[in-house]
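Below, read A as the first sequence line, B as the second, and so on, with proteins coming before strands; counting in each chain starts at 1. From a predicted model like this one, the values you see are computed outputs, not experimental measurements.
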Amino acid sequence: MNVFKDFEAKIKAALEAASAAGELPSDLDLSRLTVEPPRDASHGDVSTNAAMVLAKQAGKPPRAIAETLVARLRALPEVTAAEIAGPGFVNLRVAAGYWRRRLTDVLVAGTTYGASTMGNGVAVNVEYVSANPTGPLHAAHARGAVVGDALAALLEKAGYAVTREYYINDAGAQVEVLGRSTYLRYREAVTGEAADIPTGLYPGEYLRDVGQLLAARDGAKWLDKDEAEWLPACRDFAVETILGWIKDDLASMNIRHDVFTSERALVASGAVDSALKSLEDQGLIYVGVLEPPKGKKPEDWEPRPQTLFKATEFGDDVDRPLKKSDGSWTYFANDIAYHLDKVRRGTPVLIDVWGADHGGYVKRMEAAVKAVTGGQGALDVKICQLVHLMDNGQPVKMSKRAGTFVTLRDVLDAVGRDVVRFIMLTRRNDQTLEFDYAKVREQSKDNPVFYVQYAHARCRSVLRHAAEAHADWDLTGPGLASGADLDRLDSPEEVDLIRLLLSWPRLIEAAAEAHEPHRVAFYLHDVASAFHGLWNKGKDDATLRFLIEGDEGVTKARLALVKAVSLVIASGLAIMGVEPVEEMR
RNA sequence: GGCCCCGUAGCUCAGCUGGAUAGAGCACUCGCCUUCUAAGCGAGCGGUCGCAGGUUCGAAUCCUGCCGGGGUCGCCA
């Protein structure tokens, strides 16, 4: 259990007792009350703003309320000091013994430590990757893939029921272009005559593979057919084949989606007509002429009537088109239906992870979700900013096979899965990220992947040494929890590290609530740093090493701490999808 | 031009959704290896949180307007 929740309950109980005693009014609004670690550890272990938040309601100055609160909190056995500071903070110092006892929570829970019931089983749909099935995944997709997957894992850890979803954009003009491009490569494969790919079609080398596979399957079957016959065949074959590649690439990153939804199937099911009908019934659709975008040259602009959605009524800047001139739905219209579909499938909370180029699309989608679900669905769009791929400061060359971009496969081959997954989470998603092959492969503390892995490996190393020297000791988490006298962890550094480990549940809840998986990466860096520091204490003073010959009591206590560190790091890496290593090579 | 994101130490970035003296890493200056992996650790140096207003007991954080960088902008998805 989250230790700060524990103290929050104690503080609220103290306030209620004060109300009952007539020192404070009853029915206090405690919604803005926070119980947190103070920023500066020298202020204590637990801090609350209760007195300041309640000052107005109680009609008393903050310090007077603080006095009341402090008097009651001092009586708690685990509180060694309660002080009023600054404008009215109440700071508590908690007995070191409290923290030490709590360490057993980590040892008993193992890598499930930090799991929360905060989400209460609420269904959340996280949609990520959703790359168009017209070519292999780009390096840029890696970021969205990792952020989405880690966010999904984080939400699961926080107690939400998560669906991981991929939206296949297999409708519209782009897949027609794919079909035509594939046909040329197919003909090339069958006849042996090099194809000339006109502009407007996809020139990528990878379509040669698709053409050859189609030729292998169907032979010359399509050569003398009409376009009306070969186009759907080529299109569907290409989509299926390329989607297979995409799934392979994702599997290489240990990313698996629960649901793949086809845009084409969605349209065919009539979902779009039905979704748009509901907007129409609400009077949110009309035919109108849009103003030209400001700053656009007038000669590029011809006013024309379009079927529009009143996005402006839901916070967007302009109304948005729903129909193309040929009468078919726009991508946006399909997307409205798709989001409604997700809500109707039973997930009221929607998260979309998109690339930077879709930033301009966020407002209209949020507006549409509001409109089409009658405010029932909540959509949060996470935009992943650009990734600048470098190698030793030089931009990485584009893929030969794909022609115009670096593929995700190239990046994986260059640095490996764990490095990609970790580094992609070392920035907030809305911050651009520089990804330098040379830097992320470096084995030094400048490389956060290495630094965190090294801390875990050091823990495992200590535990291996202990197991060799004392084959009869139970070094499992529960074994150490019951077999170690944790009061032997008496140095301030050890208690600091315990406190940090015990803040893991709180971090998970905060990160899950904010939809910010990167916080896990920063937290693990902190844990690793504290552990490396403790390790080096043993370099300066041999009595501070973890394994003390002839002192079973202190050794077991320290092994319990080491074990707990390894468990928390492993638990954090699991959310990030990174494999913890046993030793560095 | 409209909209979105970003602007924090010389550099790369955190900052727990409004709290206390704004934190790490790199770089620079010192110090620590007969010892569980020194692939590491410690100390020092370094900031008008882009600028100007506003809200508040209290602002890097919220609001408004500027400045700078990136992205995007009517039947591409």
Side-chain angles (χ1 to χ4, degrees), chain A residues 32 34 36-40 42-43 47 49 52 55-56 61-62 85-89 91 130 132 134 169 171-175 177 263 289-296 300-304 306-308 316-332 334-335 355-363 383 385-386 426-432 434 442-448 450-451 454-455 457-458 461-466 469 503 506-507 509-511 513-514 516 518-519 522-523 525-526 529 532-540 542 545-547 562 583-584:
Chain A
R32 288 180 56 217
T34 62
E36 303 173 324
R39 293 216 168 167
D40 185 340
S42 70
H43 289 128
S47 179
N49 63 356
M52 291 177 288
K56 248 181 213 166
F89 289 101
N91 295 327
S130 298
N132 295 338
T134 54
N169 299 132
Q174 54 164 1
V175 286
V177 171
E263 182 183 2
V289 179
L290 288 175
E291 294 290 310
K294 303 229 167 101
K296 187 140 189 166
D300 297 343
W301 180 266
E302 285 174 27
R304 50 182 164 241
Q306 290 174 294
T307 303
L308 300 168
D316 202 355
D317 313 305
V318 288
D319 293 337
R320 305 292 182 174
L322 295 169
K323 266 187 186 174
K324 304 182 193 174
S325 53
D326 67 0
S328 65
W329 298 114
T330 59
Y331 177 80
F332 177 50
N334 293 351
D335 223 1
D357 52 340
H358 286 59
Y361 196 72
V362 175
K363 272 196 178 182
I383 294 289
Q385 283 300 329
L386 304 178
T426 55
R427 291 283 181 278
R428 249 184 311 138
N429 61 283
D430 45 16
Q431 191 77 252
T432 58
E434 186 169 301
E442 196 174 295
Q443 302 219 324
S444 80
K445 62 179 170 172
D446 309 349
N447 178 358
F450 172 81
Y451 189 78
Y454 189 28
R458 275 181 156 175
S461 167
V462 171
L463 291 164
R464 276 196 303 273
H465 279 274
S503 70
R506 184 183 135 81
L507 183 118
E509 292 185 350
E513 197 162 18
E516 292 186 349
H518 74 276
R519 292 192 198 181
F522 283 91
Y523 172 76
H525 194 272
D526 286 348
S529 175
H532 287 310
L534 201 56
W535 176 287
N536 272 79
K537 283 277 189 283
K539 295 276 175 196
D540 299 335
R545 297 177 57 163
F546 300 117
L547 305 176
V562 170
E583 55 186 325
M584 308 305 295

**OP:** Take atom C1' in B/C49 and the same atom in B/A14, then report the distance between them in whole Å.
**Re:** 13 Å
Original post:
With rounding to whole Å, what would you report as the distance between B/C28 and B/G68 at their C1' atoms?
Top reply: 29 Å
Subject >> Side-chain donor/acceptor contact of A/Arg519 with base of B/C16 under 3.5 Å >> reply: no
Subject >> Integer angstrom distance from the P of B/C16 to that of B/C33 >> reply: 40 Å
Original post:
What integer number of Å spans the C1' atoms of B/G42 and B/A60?
Top reply: 29 Å
Original post:
Should A/Arg428 and A/His518 be marked as a side-chain contact (heavy atoms from CB on, under 4.5 Å) after you check the CA-CA gap, both sets of side-chain angles, and the distance that decides it?
Top reply: CA-CA 6 Å; A/Arg428 249 184 311 138; A/His518 74 276; 3.1 Å; yes
Original post:
On a plain distance test, is the side chain of A/Thr134 in donor-acceptor contact with the base of B/A77 below 3.5 Å?
Top reply: no
**OP:** Say whether, by atom type as modelled, one donor and one acceptor occur between the side chain of A/His532 and the main chain of A/Tyr451 under 3.5 angstrom.
**Re:** yes
Subject >> Separation between the P atoms of B/G1 and B/U21, rounded to whole Å >> reply: 41 Å
**OP:** Verify the contact: side-chain N or O of A/His358 to OP1 or OP2 of B/C5, cut-off strictly under 4.0 Å; return yes or no.
**Re:** no
**OP:** Take atom CD of A/Gln385 and atom P of B/U72, then tell me their distance rounded to the nearest Å.
**Re:** 10 Å
Original post:
Between B/C5, B/G40, B/U72, which nucleotide has the shortest distance from any of its atoms to the side chain of A/Asp430?
Top reply: B/C5
Subject >> 5' precedence on RNA chain B between A/Glu513 and A/Arg320 (nearest-nucleotide basis) >> reply: A/Glu513
Subject >> Mate of B/G1 where both pairing distances stay under 3.5 Å, Watson-Crick or G-U >> reply: B/C73
Subject >> Nearest-Å distance for atom pair CD1/C1', residues A/Ile383 and B/G70 >> reply: 14 Å
Subject >> side-chain contact (heavy atoms from CB on, under 4.5 Å) between A/Leu290 and A/Gln306, worked out >> reply: CA-CA 8 Å; A/Leu290 288 175; A/Gln306 290 174 294; 3.7 Å; yes
**OP:** Examine distances only and state if a side-chain atom of A/Asn49 and a backbone atom of A/Thr34 form a donor-acceptor pair shorter than 3.5 Å.
**Re:** yes
Original post:
For RNA chain B, whose closest nucleotide is more 5', that of A/Asp526 or that of A/Asp317?
Top reply: A/Asp317
**OP:** Report yes if at least one side-chain N or O of A/Lys539 is closer than 4.0 Å to OP1 or OP2 of B/C36; otherwise report no.
**Re:** yes
Original post:
Can A/Arg519 and A/Glu516 be said to form a salt bridge (charged side-chain N to carboxylate O under 4.0 Å, His left out), step by step?
Top reply: CA-CA 6 Å; A/Arg519 292 192 198 181; A/Glu516 292 186 349; 2.8 Å; yes
Original post:
For A/Arg427 and B/A14, what is the distance between atoms CZ and C1' respectively, to the nearest whole Å?
Top reply: 9 Å
Original post:
Checking A/Gln174 side chain against A/Asn169 main chain: does a donor-acceptor pair fall under 3.5 Å?
Top reply: yes
Original post:
If you check every side-chain atom of A/Arg304, which of B/C13, B/G74, B/U17 has the closest atom?
Top reply: B/G74
**OP:** Please give the nucleotide sitting opposite B/G25 as a Watson-Crick or G-U wobble pair, both distances under 3.5 Å, or none.
**Re:** B/C11
Original post:
If you check the A/Ala514 side chain, which of B/G71, B/U17, B/U12 turns out closest?
Top reply: B/U17
Original post:
To the side chain of A/Tyr361, which of B/A77, B/U17, B/C13 is closest?
Top reply: B/A77
**OP:** For B/G65, give its Watson-Crick or G-U wobble partner with both distances under 3.5 Å, or none.
**Re:** B/C51
Original post:
Strictly by modelled atom types, are A/Glu442 and A/Asn447 linked by a side-chain donor-acceptor pair under 3.5 Å?
Top reply: no
**OP:** Give A/Ala511 one of three labels, base, sugar-phosphate or nothing, depending on what nucleic acid heavy atoms sit under 4.0 Å from its own.
**Re:** nothing
Subject >> Euclidean distance for C1', B/A20 against B/C66 (whole angstrom) >> reply: 32 Å
Original post:
Contact class for A/Leu547 vs. all strands (heavy atom < 4.0 Å): base, sugar-phosphate, or nothing?
Top reply: base
Original post:
Looking for any heavy atom pair under 4.0 Å, which part of the strands does A/Pro303 touch: base, sugar-phosphate only, or nothing?
Top reply: base
**OP:** Taking syn as within 90° of 0 and anti otherwise, name the glycosidic form of B/C33.
**Re:** syn
Subject >> Separation of B/G69 P from A/Leu386 CG (nearest whole Å) >> reply: 17 Å
Original post:
Is any N or O donor-acceptor pair between the side chain of A/Asn536 and the base of B/G42 shorter than 3.5 Å?
Top reply: no
Original post:
With a 4.0 Å cut-off on heavy atoms, is A/Glu583 in touch with a base, just the backbone sugar-phosphate, or nothing at all?
Top reply: base
**OP:** Name the closest nucleotide to the A/Glu516 side chain, picking from B/U37, B/G74, B/G15.
**Re:** B/G15
Subject >> A/Tyr523 and A/Ser503, any side-chain heavy atoms less than 4.5 Å apart >> reply: yes
**OP:** Return the value, rounded to whole Å, for the distance between atom CD of A/Gln431 and atom P of B/G70.
**Re:** 15 Å
Subject >> A/Tyr331 OH to B/A77 P, straight-line distance once rounded to whole Å >> reply: 9 Å
**OP:** Pick the P atom in B/C13 and in B/U8, then give their distance to the nearest Å.
**Re:** 9 Å
**OP:** With side-chain contact (heavy atoms from CB on, under 4.5 Å) as the test, would you mind laying out the steps for A/Glu434 and A/Arg427 before giving the verdict?
**Re:** CA-CA 9 Å; A/Glu434 186 169 301; A/Arg427 291 283 181 278; over 6 Å; no
**OP:** Write down the distance between CG (A/Asp357) and C1' (B/A77), rounded to a whole number of angstrom.
**Re:** 10 Å
**OP:** Classify the side chain of A/Asn334 and the base of B/A77 as holding, or not holding, a donor-acceptor pair under 3.5 Å.
**Re:** no
Subject >> Sugar-phosphate, base or nothing in reach of A/Gly533, heavy atoms under 4.0 Å >> reply: sugar-phosphate
Original post:
Which value, in whole Å, describes the distance between the C1' atoms of nucleotides B/G65 and B/G47?
Top reply: 25 Å
Original post:
Using a cut-off of 4.0 Å on non-hydrogen atoms, how would the nucleic acid contact of A/Ala85 be classed: base, sugar-phosphate, or nothing?
Top reply: base
**OP:** Counting heavy atoms from C-beta on, name the nucleotide in B/C41, B/C16, B/C5 closest to the side chain of A/Tyr451.
**Re:** B/C41
Original post:
Quick one: is B/C36 close enough that its OP1 or OP2 comes under 4.0 Å of any side-chain N or O from A/Ser461?
Top reply: no
Original post:
Taking the side chain of A/Phe450 as its heavy atoms from C-beta onward, which of B/A77, B/U17, B/G40 lies nearest to it?
Top reply: B/G40
Subject >> Partner nucleotide of B/C30 by Watson-Crick or wobble geometry (both distances under 3.5 Å) >> reply: B/G42
**OP:** Kindly say if A/Arg458 contacts the phosphate of B/A38, meaning a side-chain N or O under 4.0 Å from OP1 or OP2.
**Re:** yes
Original post:
Would you say a side-chain N or O of A/Arg428 is under 4.0 Å from OP1 or OP2 of B/A14?
Top reply: yes
Subject >> Separation of atom CH2 in A/Trp535 from atom P in B/C41, rounded to whole Å >> reply: 12 Å
Subject >> Selection from B/C5, B/C4, B/A20 that lies nearest to any side-chain heavy atom of A/Lys363 >> reply: B/C4
